[in-house]
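None of the values given here were measured: they were computed from a predicted structure. Residue numbers start from 1 in every chain, and the chains themselves are labelled A, B, ... in the order their sequence lines are given, proteins ahead of strands.
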Protein chains: 2
Amino acid sequence: MEKFGTYSFLLDRTSKRVKQYAQQRFKEEDFDITVDQWLVLKNLNEHNDQNQSQLAEVTGKDHPTLTRILDLMCKKGLVERKACAGDRRSFIIHLTDFGKSKQKEWVPKVDKIRAKAWENLTEQDYQDLKRILNTIYESLS
Amino acid sequence: MEKFGTYSFLLDRTSKRVKQYAQQRFKEEDFDITVDQWLVLKNLNEHNDQNQSQLAEVTGKDHPTLTRILDLMCKKGLVERKACAGDRRSFIIHLTDFGKSKQKEWVPKVDKIRAKAWENLTEQDYQDLKRILNTIYESLS
DNA sequence: TAATAATAATTAGTACAACAAATATATTGT
DNA sequence: ACAATATATTTGTTGTACTAATTATTATTA
């Protein structure tokens, strides 16, 4: 049982490295965006005009964190908060034309950066990792 | 290639959940410690009296982060900074008797908490995960 | 309808992560 | 010995995570 103490260390260390690597490459390519902001941009591109609760759910961010990520993205003009017609408590998060153009510009380069981690692994490894991570996630829910 | 965009999300989401789960259980058990502080405590218990650079290396923390983790652990009396005889730039981080007793008290419960994530997986899964995570880590180094 | 509960988002406080820059001390090459 | 370089740690800044509390609005129910 004690040996399982190490998986949490490896998981933490690896996800940190993956994020750090992407962030460094984003900087080198002069993408003016953080990795977490990219995740939001990507999700909005697939499904625009969500409210913050929906967006928090799909990105796996909690509400206060998402609030601050969106504050920063609004400042950059990538997204805007629009009033929600049916519910005055909500904001609709809208990916702007500027945001869309940036997403389109960056996405091929991001895919290339993300693929780097995978260069010494197989399709089977990818399927195994997905299954194992999702099983862990479910076990702790 | 585009499909590999999801592994980073799953990795981030799962390691966050693992950390969050452990932290919640630590709180429930009234361990007065964070998950990152625990990692330092555990490493010092295995090898006491390291300097901060060594400790940063084995815990995978960068130096500024470790400095702040140790500041908090010093306040709680778990560790102390001692002058290093041969090098006045360094501090030797010493796990106190109090720190040792707490480590001993908490370690069986921590192992149990850590094992929870693994309840629906096999030994082979464990070996695969270790190998895949280490391969990713190396590919991005 | 008025009181209560639930929901959407924000704010505040504490902790950690990554990076850059600063400080102090050691080591190296000449 | 002196200058240049390297090492150990700290400080400052920005961004993210989690908790609790707050505000505004909507839904429920007595």
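Contacts of residues 16-27 of chain B with DNA chain C (heavy atom under 4.0 Å): B/K19. DNA chain D lies under 4.0 Å from at least one heavy atom of each of the following residues of residues 61-70 of chain A: A/K61, A/D62, A/P64, A/T65, A/R68, A/I69. Less than 4.0 Å separates DNA chain C from at least one heavy atom of each of the following residues of residues 30-37 of chain B: B/T34, B/D36, B/Q37.
For A/D128, the salt bridge (Lys or Arg N to Asp or Glu O under 4.0 Å) partners two or more places apart in sequence, or in a different chain, are A/R131.
Under a 3.5 Å cut-off, the side chain of A/Y7 and the backbone N or O of B/L129 do not form any donor-acceptor pair.
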Side-chain donor-acceptor pairs of residues 26-33 of chain B under 3.5 Å, sequence neighbours excluded:
{"residue": "B/E28", "atom": "OE1", "partner": "B/R25", "partner atom": "NH1", "Å": "3.0"}

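Screening A/Q103, A/K104, A/K102, A/K100 against A/N45 for a side-chain hydrogen bond (donor to acceptor under 3.5 Å, both in side chains) leaves a single residue, A/Q103.
In this pair, A/W118 and A/Y126 present their aromatic rings perpendicular. The plane angle is above 60°, beyond the 30 to 60° band.
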Please enumerate all protein N or O atoms sitting under 3.5 Å from an N or O of nucleotides 25-29 of chain D, with distances to 0.1 Å.
{"residue": "D/dT25", "atom": "O2", "partner": "A/R89", "partner atom": "NH1", "Å": "3.4"}
{"residue": "D/dT26", "atom": "OP1", "partner": "A/R88", "partner atom": "N", "Å": "3.0"}

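The pairing partner recorded for D/dA30 is C/dT1, the criterion being a Watson-Crick or G-U wobble arrangement whose two distances lie under 3.5 angstrom.
Going from atom CG of A/D71 over to atom C1' of C/dT11 covers 11 Å, rounded to whole Å. The separation between A/M73 atom CE and D/dG15 atom P is 13 Å, rounded to whole Å. We find that CG of A/L55 is positioned 14 Å from P of C/dA8, with the value rounded to whole Å. Nucleotide C/dA8 holds its C1' atom 18 Å from the NZ atom of A/K82, rounded to whole Å. The interatomic distance linking A/Q54 (CD) with C/dA9 (C1') rounds to 14 Å, in whole Å.
Where B/N51 and A/L72 each meet DNA chain D at their nearest nucleotide, the meeting point lying more 5' is that of B/N51.
Of the side-chain N and O atoms in A/S90, one or more sit less than 4.0 angstrom from OP1 or OP2 of C/dA9. Contact annotation: B/S53 reaches the phosphate of D/dT9 (side-chain N/O to OP1 or OP2, under 4.0 Å).
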